[in-house]
Asker: 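If you scroll down you'll find the structure; I have some questions about it.
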Amino acid sequence: MKVLFAASEVAPLIKTGGLADVAGSLPASLHALGVDVRLVLPAYPEAVAKLAQAREVTTLSVGPDGTPVHLLAAHMGDANLPVYLVDHSASFDRAGNPYVAPGGSDWADNADRFALFCRVITEMGMGRAGLDWQPDVVHCNDWQTGLAPALLYHEGKNRPRTLFTIHNLSYQGFFSNEVYSHLKLPWDLWHFEGLEFHGGFSFIKGGIAYSDCISTVSPTYATEILSGKGGYGLEGLLIKRRDRLIGIVNGVDYQTWNPAEDPLITQRYDASTFELKARNKTALQRRLGLEAGDDSLLFGHIGRMVHQKGVDLILDMLPQLMAGKNAQLAILGSGDAGLETRVKEAARRYPGRVGASIGYDESLSHLIEAGCDAFLMPSRFEPCGLNQMYSLRYGTVPIVHRVGGLADTVVDATPANMLTGKATGFTFEHADVQALWYAVQKA
Ligand code: ADP
């Protein structure tokens with residue numbers, strides 16, 4: 001089977017969140033199973049720099065204006081996975097975050113950039129990219145690729161089958177009617193059950209309305225998005241298409257996330273040498289300026305600092321947590337300026353007890369997983385979540401809000417689950433400080 005896997009971020013080339021982890025590991029796993037899978041992503045400078053051998057293989061003209069776009073080809077990782085980079089300098093040749101400008105607002109031309117990406121995916125899907133290759137299946141991921149299933153559907157004959165995976169329904173790629181005109185998208189896709197959404201149009205709706213199959217990243221999230229609370233206005237369409245919808249928990253790449261072989265941690269360990277884990281705790285304490293000592297209970301948190309992830313709940317719990325003598329907290333993340341400020345203030349207020357690093361830091365994220373005793377994920381909603389699964393692998397007890405993928409992957413330490421040896425962490429029912437604090441006290 002031939003599969004084109006399209007994503008707007010792919011680890012380790014470029015990453016802002018879990019989509020990149022999955023886009024980096026799932027195609028490699030399929031490739032190892034003998035599937036002819038090829039990746040396509042935008043040619044951000046960071047990604048191109050990491051694929052030094054990338055060479056231009058073809059030039060396409062896409063869209064009604066025939067915009068010229070180059071495709072660079074390379075191979076990635078141990079699996080030698082074929083990768084194509086969509087090289088259109090006006091769209092992608094800019095440093096920094098793929099979606100957000102330095103000030104924190106979305107790049108003003110995101111609709112143009114990702115519509116162009118979708119048009120290239122469509123050309124590749126139709127076998128018209130000059131590669132002498134047409135996929136049987138095009139697998140699109142999240143809103144940045146959502147127009148591609150719609151455009152492929154619009155092609156009609158000889159199109160590949162399409163699969164659309166929702167990694168997070170709250171990011172939809174919503175733009176105005178004027179933008180739709182400007183992009184010269186087909187008007188027969190502009191209707192209530194098509195791309196149109198509340199007077200504008202939505203990229204993600206293209207993936208949901210027109211794909212042959214829809215998946216999302218956990219079974220519980222697949223049911224949550226069918227409700228008003230989790231569906232963001234798309235629950236009606238999702239209910240209509242539920243026979244095409246399936247929830248599958250993300251996998252974890254144990255080549256990257258394995259404490260027995262992790263080059264980014266201070267001391268490697270596994271279940272049989274578990275006592276060695278403590279050396280990572282010492283290293284983490286030193287790195288974040290926390291008081292040294294193994295008698296403390298060290299909690300960790302890593303994530304994008306946005307309302308979804310509930311870092312504010314952790315901060316609101318600090319007076320209670322810090323009233324106890326031996327709790328410590330290590331936080332890594334970046335995002336919302338207000339939340340970043342609050343995290344920095346907490347580190348100043350509790351010196352030696354709260355350590356924070358604002359920014360994106362791959363190696364520190366591994367050390368936090370290895371060095372902490374417990375890991376906090378009070379996400380208000382969580383389609384899958386990866387850090388709780390990394391925590392399980394690193395013997396770092398996850399404490400999670402029981403929603404989405406967190407509910408599917410962490411088994412609460414109730415007396416019954418403890419007795420039968422099934423418990424793997426602590427879960428709590430409501431995303432509020434009291435519930436989180438209760439679970440933390442239990443832990
Ligand atoms: P989301 O995709 O919503 O951000 P996930 O839990 O699915 O959340 O995936 C987040 C991924 O990004 C994890 O691999 C996590 O370790 C990583 N990550 C998030 N923030 C940072 C950061 N500041 N530094 C390093 N890694 C981070």
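The chain is numbered in sequence order, starting from 1. Small disclaimer: the values here were computed from a predicted structure and weren't measured. Start at 1 and go down the list; that is how both ligands and their atoms are numbered.
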Asker: What protein heavy atom is closest to atom 2 (O) of ligand 1, reported as residue, atom name and distance in Å?
Answerer: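 I find the closest protein heavy atom is Gly18 N, 2.6 Å.
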
Asker: Is Cys384 in contact with ligand 1, taking contact as a heavy-atom separation below 4.0 Å?
Answerer: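 It does not, in that no heavy atom of Cys384 comes within the 4.0 Å cut-off of ligand 1.
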
Asker: Quick test: of every protein heavy atom, which one is nearest to atom 4 (O) of ligand 1, and how far off is it to 0.1 Å?
Answerer: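 Of the protein heavy atoms, Arg304 NE, 2.7 Å lies nearest.
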
Asker: So which protein heavy atom does atom 24 (N) of ligand 1 come closest to, and at what separation?
Answerer: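 Here the nearest protein heavy atom works out to Asp361 N, 3.0 Å.
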
Asker: Return yes if some donor-acceptor pair links the side-chain N/O of Arg94 with the main-chain N/O of Pro45 below 3.5 Å, else return no.
Answerer: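 Judged by distance alone, no pair lies under 3.5 Å.
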
Asker: Considering only non-hydrogen protein atoms, determine which one is nearest to atom 12 (O) of ligand 1 and report residue, atom name and distance to 0.1 Å.
Answerer: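 Atom 12 (O) of ligand 1 sits closest to the protein heavy atom Lys15 CE, 3.4 Å.
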
Asker: How close does the nearest protein non-hydrogen atom get to atom 22 (C) of ligand 1, and which residue and atom is it?
Answerer: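 Going atom by atom, the protein heavy atom closest to atom 22 (C) of ligand 1 ends up being Tyr360 CD1, 3.4 Å.
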
Asker: Would you call Lys277 and Asp294 a salt bridge, using N to O less than 4.0 angstrom?
Answerer: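 Salt bridge between Lys277 and Asp294, a charged N being under 4.0 Å from a carboxylate O: no.
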
Asker: So for ligand 1, is Leu386 a polar contact partner (N or O within less than 3.5 Å, distance only)?
Answerer: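 Yes.
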
Asker: Give the atom numbers and elements of ligand 1 that come within less than 4.0 Å of a heavy atom of Gly385.
Answerer: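 By the 4.0 Å cutoff, the relevant atoms are 6 (O), 7 (O).
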
Asker: With a 4.0 Å cut-off, would you call Lys309 and Glu382 a salt bridge?
Answerer: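 Result for this pair is yes, salt bridge flagged.
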
Asker: Please find the pair of heavy atoms, one from Val3 and one from His139, that lie closest to each other, and give the distance.
Answerer: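 What the structure gives for the nearest pair is CG1-CB, 4.3 Å.
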
Asker: Run down the list Lys309, His167, Glu362 and name the one with the heavy atom closest to atom 1 (P) of ligand 1.
Answerer: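 The residue whose heavy atom sits nearest atom 1 (P) of ligand 1 is Lys309.
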
Asker: Where does the angle between the aromatic ring planes of Tyr153 and Tyr210 fall among parallel (under 30°), tilted (30 to 60°) and perpendicular (over 60°)?
Answerer: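 Ring orientation of Tyr153 relative to Tyr210: tilted.
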
Asker: Taking ring-ring contact (aromatic ring centres under 6.0 Å, His included) as the criterion, tell me which of Trp143, Phe203, Tyr171 meets it with Phe114.
Answerer: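 Answer after filtering Trp143, Phe203, Tyr171: Trp143.
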
Asker: Under 4.0 Å between a side-chain nitrogen and a carboxylate oxygen: does that hold for Glu196 and Lys205?
Answerer: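 So Glu196 does not pair with Lys205 through a salt bridge.
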
Asker: Check for me whether Gly359 has a heavy atom closer than 4.0 Å to any atom of ligand 1.
Answerer: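 For ligand 1, residue contact (heavy atoms, under 4.0 Å) with Gly359 is present.
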
Asker: Can you tell which part of Asp21 has a heavy atom less than 4.0 Å from ligand 1: side chain, backbone, both or neither?
Answerer: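 Answer for Asp21: side chain.
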
Asker: So Phe197 and Phe174, would you call those rings parallel, tilted or perpendicular, with 30° and 60° as cut-offs?
Answerer: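 Correct class here is perpendicular.
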
Asker: For atom 13 (C) of ligand 1, which candidate among Asn387, Leu406, Asn250 provides the closest heavy atom?
Answerer: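 Selected option, by shortest heavy-atom distance: Asn387.
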
Asker: Between the side chains of Arg161 and Asp212, is the shortest nitrogen-to-carboxylate-oxygen separation below 4.0 Å, so that they form an ion pair?
Answerer: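 Salt bridge flag = yes for Arg161 with Asp212.
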
Asker: For Leu332, is the nearest heavy atom under 4.0 Å from an atom of ligand 1?
Answerer: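 Distance cut 4.0 Å: Leu332 passes for ligand 1.
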
Asker: Within the 4.0 Å heavy-atom shell around Tyr390, which atoms of ligand 1 are there?
Answerer: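 In order of number, 14 (O).
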
Asker: Check each atom of ligand 1 against the heavy atoms of Gly333 and keep those under 4.0 Å away; list them by number with element.
Answerer: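 In order of number, 23 (N).
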
Asker: What protein heavy atom lies closest to atom 19 (C) of ligand 1? Include the residue and the distance to one decimal.
Answerer: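 Nearest neighbour among protein heavy atoms for atom 19 (C) of ligand 1, to 0.1 Å: Gly303 CA, 3.9 Å.
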
Asker: Distance alone, cut at 3.5 Å: any donor-acceptor contact between the side chains of Tyr394 and Asp262?
Answerer: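 Side chains of Tyr394 and Asp262: pair found under 3.5 Å.
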
